[in-house]
> 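Pasting a structure here, questions to come.
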There are 2 protein chains.
Amino acid sequence: MNTDGRETAGTIGATKTSFGIVEHIRDHDASGVSEIANDLGISKSTAHNHLKTLAELGYVVRQGDEYALGLKFLDLGDHARTRHALYHASIGEMDDLVEAVGERGQVMVEENGRGVYIYQVKSEQGLQTDSHIGTTVDLHTTSVGKSYLAFCDEERRNEILDGELTRLTTKTIDDRDALEAELATIRERGYAFNDEERITGMRAVGAPILSDDGTILGSISVSGPTTRMKGEWYHTEVPEMVTQAARVIGIRATYS
Amino acid sequence: MNTDGRETAGTIGATKTSFGIVEHIRDHDASGVSEIANDLGISKSTAHNHLKTLAELGYVVRQGDEYALGLKFLDLGDHARTRHALYHASIGEMDDLVEAVGERGQVMVEENGRGVYIYQVKSEQGLQTDSHIGTTVDLHTTSVGKSYLAFCDEERRNEILDGELTRLTTKTIDDRDALEAELATIRERGYAFNDEERITGMRAVGAPILSDDGTILGSISVSGPTTRMKGEWYHTEVPEMVTQAARVIGIRATYS
DNA sequence: AACGCTCGTTCGGGTTCTCCGAACGAAACG
DNA sequence: CGTTTCGTTCGGAGAACCCGAACGAGCGTT
């Protein structure tokens with residue numbers, strides 16, 4: 001199985017296949033033994049044994065003649081985000097912010113160089129998007145991500161940005177120098193805009209969440225369609241509300 | 001490692017240890033290599049290799065000199081509950097119910113013979129409890145669980161209840177016959193009470209969520225302290241609101 | 001009704017890969 | 001500066017993982 005190139009030595013293959021199966025089920029909502037075996041390039045019996053093990057542990061459940069994800073992952077996921085002080089600190093305040101702005105709001109933290117949404121509040125005029133809890137995004141394509149990049153250490157920023165900057169729309173900032181200039185502006189101003197840089201037709205305003213010692217915990221944003229997010233509202237009033245909320249959340253996060 | 005008795009044949013040991021490590025980290029918020037090796041009875045190098053693998057996959061992250069759960073579990077957990085129609089159907093309606101009653105509300109589904117909370121709404125007078133998203137509870141000790149047991153097939157009920165009925169408080173119904181009588185009442189009445197059967201000082205009112213073909217999808221409840229949950233309010237008014245919400249959710253769950 | 005396809009499952013053997021124990025380097029402590 | 005404990009690396013023995021083939025059940029088709 002390690003024929004397709006270099007793999008990190010000293011790692012457990014069985015664990016990788018188990019999680020490969022789990023992710024396959026996640027991406028297909030539910031999967032059968034043969035389907036998994038084909039897609040992952042393993043034998044049916046191997047897939048069967050892994051599924052049997054995962055089912056015994058409660059991480060997958062039988063659903064008719066297929067397997068689906070078990071709710072044990074819900075517990076693990078909850079623990080994973082509970083560990084972030086930012087999660088608890090932002091809950092009430094984000095709801096108020098969303099109600100005031102009338103657009104969707106989200107809370108992001110960084111993990112492995114990508115942004116992860118750990119909390120999301122839908123607005124009254126709830127419009128469907130692809131993002132949900134646990135979604136990961138490229139940091140340079142979102143207002144939350146740029147807020148984070150602008151206020152984290154330079155060392156960490158270089159680690160994250162050393163690769164290619166993926167281009168999602170025509171407005172995505174995919175040039176490193178242009179991005180650094182944008183980040184400098186954000187750093188000076190205290191908040192970030194996103195003008196259709198990830199999804200055409202969508203704008204957002206984000207701000208970093210800073211602990212009192214200056215370290216960044218994550219960031220928040222509100223986002224909505226360009227039809228509503230425009231003019232003074234978008235450029236001045238919303239940023240004021242977002243930065244105000246960010247300040248409150250930052251304070252609450254440090255004293256908890 | 002299979003010296004301590006009978007184990008199900010044909011299962012992957014490496015997967016079990018990997019998830020054992022994950023659960024250890026969950027229960028301790030963060031763990032180091034040696035601590036895990038000691039507690040799980042494996043060698044340090046084995047624990048190290050598993051952690052290395054899990055870190056590479058993104059399911060654990062380094063946090064100083066310890067390992068913590070990665071947010072990839074948040075994504076998996078979200079997918080696990082998104083699969084339940086009941087989750088989507090209950091979101092708005094539960095918030096309204098909680099606002100009307102003024103007590104905490106929760107949505108439960110059954111998995112592997114236990115109840116799992118997939119959604120929870122905190123009330124204004126938010127009081128702390130041990131339950132959170134992903135918590136599992138004994139079905140016979142909660143109003144949601146009894147609602148479920150009362151309306152699921154008899155076959156499934158026998159599978160679930162064949163073991164010992166754990167006793168959590170002095171009021172827990174731990175006798176099978178008494179429980180069956182209680183379930184019959186619930187079935188007739190359409191909703192369930194919980195009078196300090198799980199936690200002393202806490203009462204709850206629950207109702208099943210039925211699809212239009214009669215199959216049970218899960219159940220909902222509101223719960224609060226005995227100081228507020230009493231009299232006509234507890235015995236008549238709240239049950240009416242809960243059953244009404246359950247009906248609406250049931251309808252929404254079938255047409256989605 | 002019987003065929004053929006595909007599914008999930010079981011079984012045993014070969015070989016990979018997991019697991020362990022010991023040794024190393026680093027850091028924290030007294 | 002010694003001592004302890006940490007995380008990490010390394011190699012070898014043995015176990016267990018992975019595979020392929022075979023079995024049996026469930027469907028849809030002819």
Side-chain angles (χ1 to χ4, degrees), chain A residues 1-25 27-70 112, chain B residues 1-25 27-70 112:
Chain A
M1 199 175 292
N2 352 351
T3 57
D4 54 351
R6 169 182 46 87
E7 285 199 354
T8 315
T11 53
I12 315 295
T15 299
K16 290 187 182 181
T17 40
S18 271
F19 276 101
I21 289 172
V22 167
E23 292 177 6
H24 185 280
I25 295 174
D27 296 337
H28 295 75
D29 278 355
S31 311
V33 174
S34 300
E35 185 189 350
I36 290 172
N38 280 330
D39 293 357
L40 297 188
I42 56 179
S43 70
K44 270 197 302 179
S45 52
T46 301
H48 175 71
N49 285 338
H50 277 271
L51 284 168
K52 193 174 180 181
T53 309
L54 291 168
E56 190 181 308
L57 294 173
Y59 289 102
V60 304
V61 291
R62 301 210 50 133
Q63 194 178 248
D65 53 351
E66 291 189 318
Y67 290 92
L69 291 185
N112 297 323
Chain B
M1 199 176 291
N2 355 352
T3 57
D4 53 350
R6 169 182 44 87
E7 284 199 354
T8 315
T11 52
I12 315 294
T15 299
K16 290 187 182 179
T17 39
S18 272
F19 276 101
I21 289 172
V22 166
E23 291 177 6
H24 185 279
I25 295 174
D27 296 337
H28 295 75
D29 278 355
S31 312
V33 174
S34 299
E35 185 189 351
I36 291 172
N38 279 331
D39 292 358
L40 298 188
I42 56 179
S43 70
K44 270 198 301 179
S45 52
T46 300
H48 175 70
N49 286 337
H50 278 270
L51 284 167
K52 194 175 179 181
T53 309
L54 290 168
E56 190 182 309
L57 294 173
Y59 288 101
V60 304
V61 291
R62 300 208 52 131
Q63 196 179 247
D65 54 352
E66 291 189 318
Y67 289 91
L69 290 186
N112 296 324

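A note on names: the letters A, B, ... follow the listed sequences, proteins ahead of strands, and every chain is numbered from 1. Being a predicted model, the structure only gives us computed values, none of them experimental.
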> By nearest heavy atom, map B:V33 and A:N49 onto DNA chain D; which one lands nearer the 5' end?
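Closer to the 5' end of DNA chain D: B:V33.
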
> Between B:D65 (CG) and D:dT8 (P), how many Å, whole number?
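The distance from CG of B:D65 to P of D:dT8 comes to 10 Å, rounded to the nearest Å.
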
> Choose from C:dT10, C:dC19, D:dT9 the nucleotide whose nearest atom is closest to any side-chain atom of B:S43.
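For B:S43, the side-chain atoms sit closest to C:dC19.
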
> Once you round it to whole Å, what is the distance between P of C:dC17 and CD1 of B:I42?
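B:I42 atom CD1 is separated from C:dC17 atom P by 20 Å.
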
> Between C1' on D:dT9 and CG on B:L51, what's the gap in Å once rounded to a whole number?
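From B:L51 CG to D:dT9 C1': 15 Å.
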
> Does the side-chain hydrogen bond (donor to acceptor under 3.5 Å, both in side chains) test come out yes or no for A:T15 and A:S18, once each step is laid out?
CA-CA 5 Å; A:T15 299; A:S18 271; over 6 Å; no

> For the backbone of B:N49 and the side chain of B:T53, can you confirm whether one donor and one acceptor N or O come within less than 3.5 Å of each other?
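Answer holds: yes.
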
> Heavy-atom nearest nucleotide on DNA chain C for A:S45 versus A:A14: which residue maps closer to 5'?
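Its nearest nucleotide being more 5', the pick is A:S45.
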
> In whole Å, I'd like the distance from the CD atom of A:E35 to the P atom of C:dG8.
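Answer to the nearest Å: 9 Å.
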
> Closer than 4.0 Å, any side-chain N/O of A:H48 to the OP1 or OP2 of C:dC7?
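Result: no.
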
> Could you work out which one of D:dA22, D:dG20, D:dT9 sits closest to the side chain of A:K44?
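Between D:dA22, D:dG20, D:dT9, the one nearest the side chain of A:K44 would be D:dA22.
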
> Rounding to an integer number of Å, can you tell me how far B:I36 CD1 sits from C:dC20 P?
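From B:I36 CD1 to C:dC20 P: 14 Å.
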
> Counting distance only, does the side-chain N/O of B:H24 pair as donor-acceptor with the main-chain N or O of B:G20 below 3.5 Å?
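Side chain of B:H24 to backbone of B:G20: no pair is present.
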
> Mind checking if B:S34 touches a base, just sugar-phosphate, or nothing, with heavy atoms under 4.0 Å?
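Result for B:S34 = sugar-phosphate.
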
> I need the B:K52 NZ to B:L54 CG distance, nearest 0.5 Å.
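It comes to 13.0 Å.
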
> Please state how far atom CD in A:E56 lies from atom P in C:dT9, giving the value in whole angstrom units.
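Those two atoms, CD and P, are 14 Å apart.
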
> Between B:I21 and B:L51, is any pair of side-chain heavy atoms under 4.5 Å apart?
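They are in side-chain contact.
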
> Whole Å only: how far is the CD1 atom of B:I21 from the C1' atom of C:dC19?
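In whole Å, C:dC19 C1' and B:I21 CD1 are 12 Å from each other.
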
> Starting at CD1 of A:I12 and ending at P of C:dT16, how long is that distance when rounded to a whole Å?
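It works out to 17 Å between those atoms.
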
